[in-house]
Participant: 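Below is the structure I would like to discuss, written out as structure tokens.
Just so you know, these numbers use all the heavy atoms, side chains as well, and skip hydrogens, waters and symmetry mates. All chains are named by letter (A, B, ...) in the order of the sequence lines, taking the proteins before the strands, and each is independently numbered beginning at 1.
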2 protein chains.
Amino acid sequence: MRKEIEQLNKIFDSRIRIGIMSALMVNESMNFNELKALVDATDGNLATHLKTLEDNTFIKVEKGFIGRKTNTTYAITKAGEKAFRSHLDALEKIIKNLG
Amino acid sequence: MRKEIEQLNKIFDSRIRIGIMSALMVNESMNFNELKALVDATDGNLATHLKTLEDNTFIKVEKGFIGRKTNTTYAITKAGEKAFRSHLDALEKIIKNLG
DNA sequence: TAAAAGCACTTTGAGATACAAAGTAAATAA
DNA sequence: TTATTTACTTTGTATCTCAAAGTGCTTTTA
């Protein structure tokens with residue numbers, strides 16, 4: 001397999017996950033509804049994608065409270081940042097090669 | 001949904017399909033084995049991806065002969081070129097936005 | 001020239017994944 | 001106190017991915 005293609009990460013073969021990751025690259029943290037509005041997924045669908053990213057340690061989930069209300073936030077991890085950048089680098093190379 | 005993410009094409013949410021498309025962007029046409037070597041998929045897997053791309057009119061298949069041997073070639077269509085470029089444009093914007 | 005092997009895909013079936021609907025538990029409103 | 005909303009989670013199905021097995025040639029081998 002050509003090495004740039006090999007370098008693409010299967011986990012990021014998803015529009016929703018790319019949306020989540022690129023949002024978390026530029027935002028310190030986001031909550032469920034912010035992400036939901038951004039990627040336009042249903043609750044169940046978004047939750048599943050977040051779970052996958054969490055299972056791969058690409059994002060971390062923090063469950064806390066604001067007053068008495070639950071407040072869950074999602075943030076990118078170092079590993080996530082690294083993996084996503086490397087995925088984007090591979091894409092960039094593919095794009096460049098096409099001129 | 002943010003518009004660059006919306007602009008990403010679900011059909012190209014696949015490393016193998018990105019591999020096929022980017023190869024066909026730079027090669028006039030390729031045959032089954034060339035593509036197979038490039039994307040490193042099994043026969044069945046590659047055939048399925050090619051079928052999906054064909055069903056979406058992103059590639060065209062030409063079945064001919066060289067002497068008495070079958071010769072099937074795959075080439076990108078205008079629609080495929082347009083769709084793939086637009087997908088890459090969206091990715092490029094996402095990459096740029098991250099700096 | 002008949003049987004075996006190789007080639008270029010295609011078909012099939014199982015496992016994985018994506019997705020929406022329904023469910024749940026806590027908080028707020030009526 | 002009961003009803004509604006909020007913020008997810010669970011569940012079941014539909015879709016998709018994939019490798020193994022199959023098909024219909026052609027070519028090689030005996």
Participant: Between Thr73(A) and Ser29(A), which heavy-atom pair has the shortest distance, and what is it?
Facilitator: CB-OG, 4.0 Å
Participant: Using whole Å, what does the distance between atom P of nucleotide dC9(C) and atom CG of Asn31(B) come to?
Facilitator: 7 Å
Participant: dC9(C) P sits how many Å from Ile59(B) CD1, rounded?
Facilitator: 12 Å
Participant: So Glu92(B) and Glu92(A), do their side chains get closer than 4.5 Å, heavy atoms only?
Facilitator: no
Participant: Could you check whether Asp55(B) pairs with Lys51(B) (Lys NZ or Arg NE/NH1/NH2 to Asp/Glu carboxylate O, under 4.0 Å)?
Facilitator: yes
Participant: Reckon Lys36(B) touches a base, only the sugar-phosphate, or nothing at all at heavy-atom distances under 4.0 Å?
Facilitator: nothing
Participant: Can you check whether Lys63(B) has a side-chain N or O nearer than 4.0 Å to OP1 or OP2 of dT10(C)?
Facilitator: yes
Participant: Measure from CG on Asp43(A) to P on dA22(C) and round the result to the nearest Å.
Facilitator: 13 Å
Participant: If you check the Asn45(A) side chain, which of dA20(C), dT10(C), dA8(C) turns out closest?
Facilitator: dA20(C)
Participant: State, to 0.1 Å, how close Ile16(B) and His49(B) come at their nearest heavy-atom pair, and which atoms those are.
Facilitator: CG2-CD2, 3.5 Å
Participant: Once you round it to whole Å, what is the distance between P of dT10(C) and CG of Leu35(B)?
Facilitator: 13 Å
Participant: Please report the distance, rounded to the nearest Å, between CG in Leu46(B) and C1' in dT10(C).
Facilitator: 12 Å
Participant: Taking CD1 from Ile20(B) and P from dC9(C), how many angstroms apart are they, rounded to a whole number?
Facilitator: 13 Å
Participant: With heavy atoms under 4.0 Å as the rule, sort Ser14(B) into base, sugar-phosphate or nothing.
Facilitator: nothing
Participant: Assess the pair Phe84(B) and Phe12(B): is the distance between their ring centroids shorter than 6.0 Å?
Facilitator: yes
Participant: Under 4.0 Å from any atom of DNA chain C, heavy atoms only: list the residues of residues 48-58 of chain B that qualify, in numerical order.
Facilitator: none
Participant: For Tyr74(A), answer base if it contacts any base atom (sugar-phosphate contacts may also be present), sugar-phosphate if it contacts only those atoms, and nothing otherwise; contact means non-hydrogen atoms under 4.0 Å.
Facilitator: sugar-phosphate
Participant: Do you know which of Ile95(B), Ile94(B), Asn97(B) makes side chain to side chain contact (heavy atoms under 4.5 Å, CB included) with Ser22(A)?
Facilitator: Ile94(B)
Participant: Can you find a heavy atom in the side chain of Leu24(B) that is under 4.5 Å from one in the side chain of Phe58(B)?
Facilitator: no
Participant: Between dC9(C) atom P and Met30(B) atom CE, what is the distance in whole Å?
Facilitator: 13 Å
Participant: Does Glu34(B), at its CD atom, have more than 12 non-hydrogen atoms belonging to other residues, nucleotides or ligands within less than 6.0 Å?
Facilitator: yes
Participant: Could you tell me how far apart Arg68(A) (CZ) and dA29(C) (C1') are, to the nearest whole angstrom?
Facilitator: 15 Å
Participant: Thr70(A) or Lys69(B): which one's nearest nucleotide on DNA chain C is closer to the 5' end?
Facilitator: Lys69(B)
Participant: Who pairs with Lys10(A) by side chain to side chain contact (heavy atoms under 4.5 Å, CB included), at least two apart in sequence or on another chain?
Facilitator: Asp13(A), Arg15(B)
Participant: Ignoring backbone atoms, establish whether Asn33(B) has a side-chain N or O less than 4.0 Å from OP1 or OP2 of dA8(C).
Facilitator: yes
Participant: Heavy atoms of chain A, cut-off under 4.0 Å: which first and last nucleotide of DNA chain D, 5' to 3', fall inside that, if you could look?
Facilitator: dT6(D) to dC18(D)
Participant: Show the nearest heavy-atom pair for residues Met21(A) and Gly80(A), with the distance to one decimal.
Facilitator: CE-O, 3.6 Å
